[in-house]
Amino acid sequence: MGEVPVDPTVAGLVSRLDDVTSALDELSKVLDEEEDLAAIMDRVCRQVVAAIPGADMASVTVLHAGEPRTVALTGERAAEVDRAQYGAGEGPCLEAARTRVVQRVAVAEVHERWPAFAVAADGLGVASYLSAPLVLEDEYHGSLNLYSERTHGFRELDAALLELYTTAAEAGLRNARRYVRARRQADQLQSALTSRAVIDQAKGIVMAVHQVDAEEAFNLLVDRSQRENLKLRDLAERFVDDVSQADG
C-alpha cells in the first residue's frame, strides 16, 4: 500500500503547534534559570515572534493604575506602534488589556475601529495586529502584542495559539513575580536582622562603658546619630569597628 497523503492544512497546524510547544518548553527553562522579570519578558517577545509565522515584531504592554507602558519589545518599531496607541488612547493592545479579549485585526479594520490610532500609526508599516491579554495580577495586567507587515498576517489559528501561549506564560510569570517579591522581602528581613545585631552590639558597649541601662544606651546612640547626621546602623557599625580596632 502506498503512503496516505498528508493534508497540508493538517501538516501546517501540527507544525505551528510544535512551534508553540517548543516555545513553551523554552519559556519553562527560562523561568527556571532567569530571575529578572524584564529579561523574561524580552525572551517571551522573541519566542512568540519565532513561534507565530506571521509575526514580524512583538511587545508587552502593562497597565498600572490605568497607565500603559511597554515593558518588553523586539525592536524600536514595536515601541513606535505602542506609543501611537498610548498617545491616541486606543488600539488593539489597549483593547486587549482593558477587555481581556484577544484582538485580531487587519489595517482596514483598524481605521474603522480606532481612527486616531490609525492616523498616528500611518507610515509604520504594520498591516495586521494580534494582541492577547496578559494578566499577572489584578493591579498589573496588559497584553502581548504581535505586529505583521502583511495584510493577512494573522489567522484564527494564530490567535488561538497566542492565547494558549499567553495562558501558560501568565502562570509562569506570576510565579516568577512572587519569587522576586519573596526574595526581596527576605533580603529586607536579612538587612533588618543585620542592622538589629550591630545596633545591639553597639548598645551593649555603651551600657558597659557608661554604666547605663539598655534604653538609655539606645537613646545615646540615637542622639549621636542625629548630631552626626548618620543612619543609626551606620553609626553603630562605625562605633563597633572603632572599639574593635582600639582593643586590637
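Quick caveat: nothing in here was measured; it's all calculated off a predicted structure.
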Report the C-alpha distance between Val107 and Val126 in whole Å, list the side-chain angles of each, state the deciding distance to 0.1 Å, and finish with yes or no for side chain to side chain contact (heavy atoms under 4.5 Å, CB included). CA-CA 8 Å; Val107 69; Val126 177; over 6 Å; no

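- Of all heavy-atom pairs between Val101 and Gln103, the closest is O-NE2, 3.2 Å.
- Leu130 and Val62 fall within a single hydrophobic cluster, where Ile, Leu, Val, Met, Phe, Trp and Tyr are joined by side-chain heavy atoms under 4.5 Å apart, directly or via other members.
- Although no hydrogens or angles enter the test, the distance criterion places no donor-acceptor pair under 3.5 Å between the side chain of Glu215 and the main chain of Asp213.
- Nearest heavy atoms, Gly89 versus Arg98: O-NH1, 3.2 Å.
- Tracing side-chain contacts under 4.5 Å through hydrophobic residues (I, L, V, M, F, W, Y), one never reaches Ile52 starting from Leu73; they form parts of separate clusters.
- Of the possible polar contacts, one joining the Arg150 side chain to the Gly54 backbone as a donor-acceptor pair under 3.5 Å is found.
- Of the possible polar contacts, one joining the Ser128 side chain to the Thr151 backbone as a donor-acceptor pair under 3.5 Å is found.
- In this structure the side chain of Val105 reaches within 4.5 angstrom of the side chain of Trp114, judged on heavy atoms.
- The two residues Leu134 and Leu144 make their nearest non-hydrogen contact at CB-N, 4.2 Å.
- Distance CD/Gln47 to CZ/Arg43: 6.5 Å, rounded to 0.5 Å.
- Under 4.0 Å is where a charged nitrogen must lie from a carboxylate oxygen, and between Glu149 and Arg77 at least one such pair does.
- No side-chain heavy atom of Pro133 sits less than 4.5 Å from a side-chain heavy atom of Ser143.
- Note on Val71 and Val81: separate hydrophobic clusters, where clusters join Ile, Leu, Val, Met, Phe, Trp and Tyr whose side-chain heavy atoms are under 4.5 Å apart, directly or indirectly.
- Heavy-atom minimum distance, Cys45 versus Ala58: O-CB, 3.8 Å.
- In this structure, the side chains of Tyr147 and Asp82 come closer than 4.5 Å at one or more pairs of heavy atoms.
- A distance of 8.5 Å separates CE in Met57 from CG in Leu124, rounded to the nearest 0.5 Å.
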Stepwise, does the side chain to side chain contact (heavy atoms under 4.5 Å, CB included) test hold for Arg69 with Arg83? CA-CA 8 Å; Arg69 65 188 180 97; Arg83 285 195 293 268; over 6 Å; no

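- Using a distance-only test at 3.5 Å, with no hydrogens or angles considered, no donor-acceptor pair links the side chain of Ser59 to the main chain of Ala78.
- The backbone N or O of Asp56 sits nowhere less than 3.5 Å from a side-chain atom of Ser148 that would complete a donor-acceptor pair.
- In this structure, Gly66 and Pro68 approach most closely via the heavy-atom pair O-CD, 3.7 Å.
- With respect to Arg100 and Glu95, no salt bridge is recorded, no charged nitrogen being found less than 4.0 Å from a carboxylate O.
- A distance of 6.5 Å separates OG1 of Thr61 from CD of Gln85, quoted to the nearest 0.5 Å.
- Around atom CD of Glu156, no more than 12 heavy atoms belonging to other residues, nucleotides or ligands sit under 6.0 Å away.
- Partner Phe117 forms a side-chain contact (heavy atoms from CB on, under 4.5 Å) with one of Asp122, Val110, Leu94 and no other, that one being Val110.
- Under the 4.0 Å criterion applied to side-chain N and carboxylate O atoms, Glu163 and Arg104 are not assigned as salt-bridge partners.
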Yes or no on side chain to side chain contact (heavy atoms under 4.5 Å, CB included) for Leu146 and Tyr129, after CA distance, side-chain angles and deciding distance? CA-CA 6 Å; Leu146 299 182; Tyr129 301 82; over 6 Å; no

